[in-house]
Structures are given as structure tokens and as C-alpha cells.
Amino acid sequence: MSQEVDLTDQLQARREKLKMLMEKGIHPFGGRYERTHDTKEVRSLYASFSEEELEEKNSPVVMAGRLMAKRRKGKAGFADIQDFSGKIQLYVRKDNVGDEQYDIFKHIDIGDFVGVEGTVFKTRVGELSIKVTRFGILSKALRPLPDKFHGLKDVEQRYRQRYLDLIVNPEVKRTFILRSQILKAMRDYLDDLGYFEVETPTLHSIAGGAAARPFITHHNALNIDLYLRIAIELHLKRLIIGGFEKVYEIGRVYRNEGIDTKHNPEFTLLELYAAYDDLRDIMELTENMIGAIAKKVLGKTKITFEDHEVDLAPQYRRVHMVDAIKEVTGVDLWPHLSDKEARELAAEHGVEVSENMTYGHVVNEFFEQKVEETLVQPTFVYGHPLVISPLAKKDPKDPRFSDRFELFILGREHANAFSELNDPIDQRKRFEEQMKEREAGNDEAHVIDEDFLEAMEYGMPPTGGLGIGVDRLIMLLTDSSSIRDVLLFPLMRPKEDH
RNA sequence: GAGCCACUAGCUCAGGGGUAGAGCAUCUGACUUUUAAUCAGAGGGUCGAAGGUUCAAAUCCUUCGUGGCUCACCA
């Protein structure tokens, strides 16, 4: 093997140090190490004391972490170690640790894991530090870390090697801690309301519950193709039928679509269903929950995203889709129009539509092309055309529309909800219409799910349902402009060179 | 899928036809309260890949790769 020859100077130097340690009888990939404190604990326990007080206390600690910086000055030196909770400075003196350990300190590399024993003190300039009495290596890093000052900026490398990003870019770690807190706040909020968390299959024999292209896979033993789920909807509704009155799932869904700053092929969806509720209840739940999560995690509801200020405190504006279109474009789509008249109106106003679109599709196109991006403050848009809402109840006052809303913030869809259709006869008809769309070339139209229809025929209570794109909510709350910044390992094309 | 931009040392970046540069990091030496430590010296590059133009290409052209942004798609 010519591997050794290919190594750069830095990699060679580290391998030589590894060899040196082993020759000294030190195993550079050690085992269990019992710490007494992490850096956060040391700071909260000792930061408030003066130099003299700490001297007097002479408090012993055992700590471990990754070496992030080293400032050697002859027979003594300083180093910074980092653990999950933060960084702390070490002060290592030859006359405190002895020749042998000081020699290890001299040759230790940035990136190595070290374990130290010592006492807490403050330096002349007041920095809380550990005066090391025992110094050892816990694990050797054979590759150098990115620049300690500039961090890792290369976007591709940050996503491909997220561990490096997390080591050197503290704000990245903060985002993912917030992500975890947001999820926890969401669960706490729903659990407190009596919602029941479940897990349903992600392998589906029919990709239903949303309009999207699925990923296809294969089960060998059953010799059947399966789909990764594109929504959670139809299983949770089966549970509503089964008597779970308030139920939710937070889980991954997979859509075989393009990748951009707002889309990743797998993403996290919250779906919840509440028996006996309708659209209005779900609106209130949605705005209350989002407001509560912001308050709990950020301590405020007024947030800044890029250059915009957005207030997530309830109540959010509510507007019918047709009224919203009228507001923005001046076009009144309330009168009954034939499909052809609707398409002509669209053409007149620069709204792109295709031949086979009906009145309902045209209304939707008007909204998406003209209105969506204008909705900056949280806004519930309700009354979506029935043809694009095959799982929602019909508006009893106007059968062209449905009891559905979407929540828009900063021009982006954040939630989608219905008064759920619970009439199995109507549901079959809607599915059949979807199948017609499918045959006409819309490969994202819903397919008939006979098993789900059968379940509904046993009786489904009136139900309100909600879906929230969790990653987008996290983007909003962490001021992240790309979905990749809130996903630990966003999907990337595999690298070929190793 | 289309347009624009980027790709140079481990990392962050200069250099835009004429011998490949800096800071950090690395190596050697000095330094016992420094903190982007300091000082002195040294090493490190197939300039994303392949073609082309040219006496001469990191630099200009073409194709390809990877990524970013915008658009399209994603109700």
C-alpha cells in the first residue's frame, strides 16, 4: 500500500505522534473516563468567585474534552478544551504535571481528546481556568480541524461533514439544540391538551394522503413494491375511526421532488387529528401552539427572520382564498364562472394556467402566483377549491370550496388543515375524480385507497386535522434561510472519490 | 430541468496570460498567567477534472463534475 506516501505533512505528523505515544506505552484510543464536571457546571459553580476565593477553595475537578487551541510558553502553556456545554481554559505547568505528562502536552494536537485533573482558578486577567495536575490523552485525532478563527465556511463541506461544522461553528450547534427544544415544546403542548402520540408505518402499499411523487422500494419476502410515505394522514384517520380522539405523530415523510432552500426529499411533518373538532378549532390550536412554542423556546413571539419582523402571537388574520385574491389582484372570482371563463380571466391577468384546468384549479393558480408571496404576517387562508382538496369537507354554503385552511408566514406555507371529510360515499367520489386527473397526466393526483374507504365506512366521527411542516417552523424560529441549515444531514449527491 | 456564480495548501482567502502567495494550522528553536499569545526559521500545491488556444494557462475557450443562489417543479 502506498497510503503513507499520499499523506500530507499534517497527517504524517499526527501519525508519527500516534506512534510515539504507543512507544511510550500510552494507548491513544482510551476507554472510560469519569468526569466530575462539564464546563457549564464549572462555570456556574465557580465563575462568580474572585481569584483569591478560588485559591482558597482549591476545588478539584476532573474534566474531558476536545482540544481546540494551544498556547505554549516554554515550560508551561494554556489550552482550550471543548465539551458539549462549552469551552474552558487549561493551564499546564511542567512543575505541576511532571516531565512525562508535559511532554505529552507538548506534542498533543488540536482536535485530540484529553482528560485532565486539576483545580479551578482564575488567571490574572480573570479567566476561569483549570490548573492541571494530571494530563492525559483520551483519543488521538489523525486529521486536523478547520481554522480555529474562521471556522468551516465551505457550504458543501459543512453539509457533508456536519460533525466538523458542529465542532467549529458554535451557532450551528445552537440551531440544532433549538430544534430539539422546539420539538419538545411541541410535544409538551399537545400532550398537555390530552393528545396521544403514535407511530404509524412509513412503508406504505399505497402512497396516499397528499399530492406528491413517492419513493418506491421493494420488499423481498412479500415480493411487493412499497412506497415511502408522503403523508401520515390516512393512518391517523384510521386511528380516529379506531377511537383515538386526539392523536398526533411527528415523523419523517418522503417526497421524490426537487431540492431547494425550502425542500428536502425527507422532512419532518406533524400531523394531528381531533374528533368532533372543525376547522375553526384547528385554527385556534395552530396559532396557540405556534405562539406557545415561540414563547417557550425563544422567550418571545416577535421574531426576526432575515429582514422581516413577524409576530407569532395569536390571533392570526383569517381570509377566504377568493377574498385574498380580490384584495391583491382586484379580480373577483366569487361569481360563478365556467372553467373556460375562469381560464380566460387568468390569461388576462398574467396567471399561467393549462388547458385542462377547472375553475377550482384557476382559483388556486391565482392564489399561488399572485397572493402567496404577499402574506408576510401569519395568515390563515381558508376555503380552498374542492378539486384540490380531496380529503376535506365541502363548504356547506358553496360546494365549489372546501373547509380547508393553510397558514402562510413570510410567503411560505407552514400548515395545512381541514375539517376532515368523513362521508365515505363522497370520499370515494373524490378519489375517483383524482384518478381521472391521474389518467389525464397529473402523476401527483391521489390514488384510491380501498382499505381506507372501507375503514371510513365503519363510521368516522367529525374530525379536524392539521399538518405542520416542522422543518419550516424550525427555520422560522431559528432564522435559518435554508432547510439544510436545520437538518443535521441534508441529502447530498454521494461523493465518488472515496 | 434552465440561468448565474464558486471550486487555488488541512482551513480561511488573495492572485485574472510571464517562475504559485498570505494568515491560521504543521515542523524546528526560544519563552512558567497566555487567550486569534509572541519572536526566529523551515516544509507543505496535478490551482475541481479532461480537452483546446498560446512561445507561455491558476488566469482565455469548450465539455464534464460538485456545490450555492435564482427560476421551474413541488396544490
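Chain naming here is simple, since letters A, B, ... match the order of the sequence lines and numbering starts at 1 in each.
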**Message:** If you go through the side-chain atoms of Q89(A), does one of them form a donor-acceptor pair with the base of U34(B) closer than 3.5 Å?
**Reply:** yes

**Asked** Since syn is defined as within 90° of 0, does G16(B) count as syn or as anti?
**Response** syn

**Ring centre gap for Y316(A) and F405(A) strictly below 6.0 Å** = no

**Message:** Base, sugar-phosphate or nothing for Y159(A)? Non-hydrogen atoms, less than 4.0 Å.
**Reply:** sugar-phosphate

**Asked** Is any N or O donor-acceptor pair between the side chain of R71(A) and the base of U34(B) shorter than 3.5 Å?
**Response** yes

**Asked** Can a donor-acceptor pair under 3.5 Å be found between the side-chain atoms of D95(A) and the base atoms of U32(B)?
**Response** yes

**Prompt:** Hey, does the side-chain of R493(A) have a donor or acceptor N/O within less than 3.5 Å of a partner on the base of U66(B)?
**Reply:** no

**Message:** Can you tell me if K495(A) touches the phosphate of U66(B), counting only side-chain N or O atoms and a distance under 4.0 Å to OP1 or OP2?
**Reply:** no

**Message:** What is the separation between atom CZ on F105(A) and atom P on U34(B), rounded to the nearest whole Å?
**Reply:** 15 Å

**Complete:** Applying the 3.5 Å cut-off to both distances, the Watson-Crick or G-U partner of A49(B) turns out to be U63(B)

**Request:** Name the pairing partner of U33(B), where a pair is Watson-Crick or G-U wobble with both distances under 3.5 Å, or state none.
**Result:** none

**Fill in**
Scanning all shown strands, the Watson-Crick or wobble mate of A2(B) with both distances under 3.5 Å is U70(B)

**Complementary nucleotide for C13(B) - Watson-Crick or wobble, under 3.5 Å** = G21(B)

**Item:** Residue whose nearest RNA chain B nucleotide is more 5′ - S482(A) or S129(A)
**Value:** S129(A)

**Heavy-atom donor-acceptor pair, D9(A) side-chain to G10(B) base, under 3.5 Å** = no

**Prompt:** Do E233(A) side-chain atoms and G208(A) backbone N/O form a donor-acceptor pair below 3.5 Å?
**Reply:** no

**Asked** Donor-acceptor pair, K70(A) side chain versus F105(A) backbone, under 3.5 Å?
**Response** yes

**Request:** Spell out, as yes or no, whether a donor-acceptor pair under 3.5 Å connects the side chain of E117(A) to the backbone of R134(A).
**Result:** no

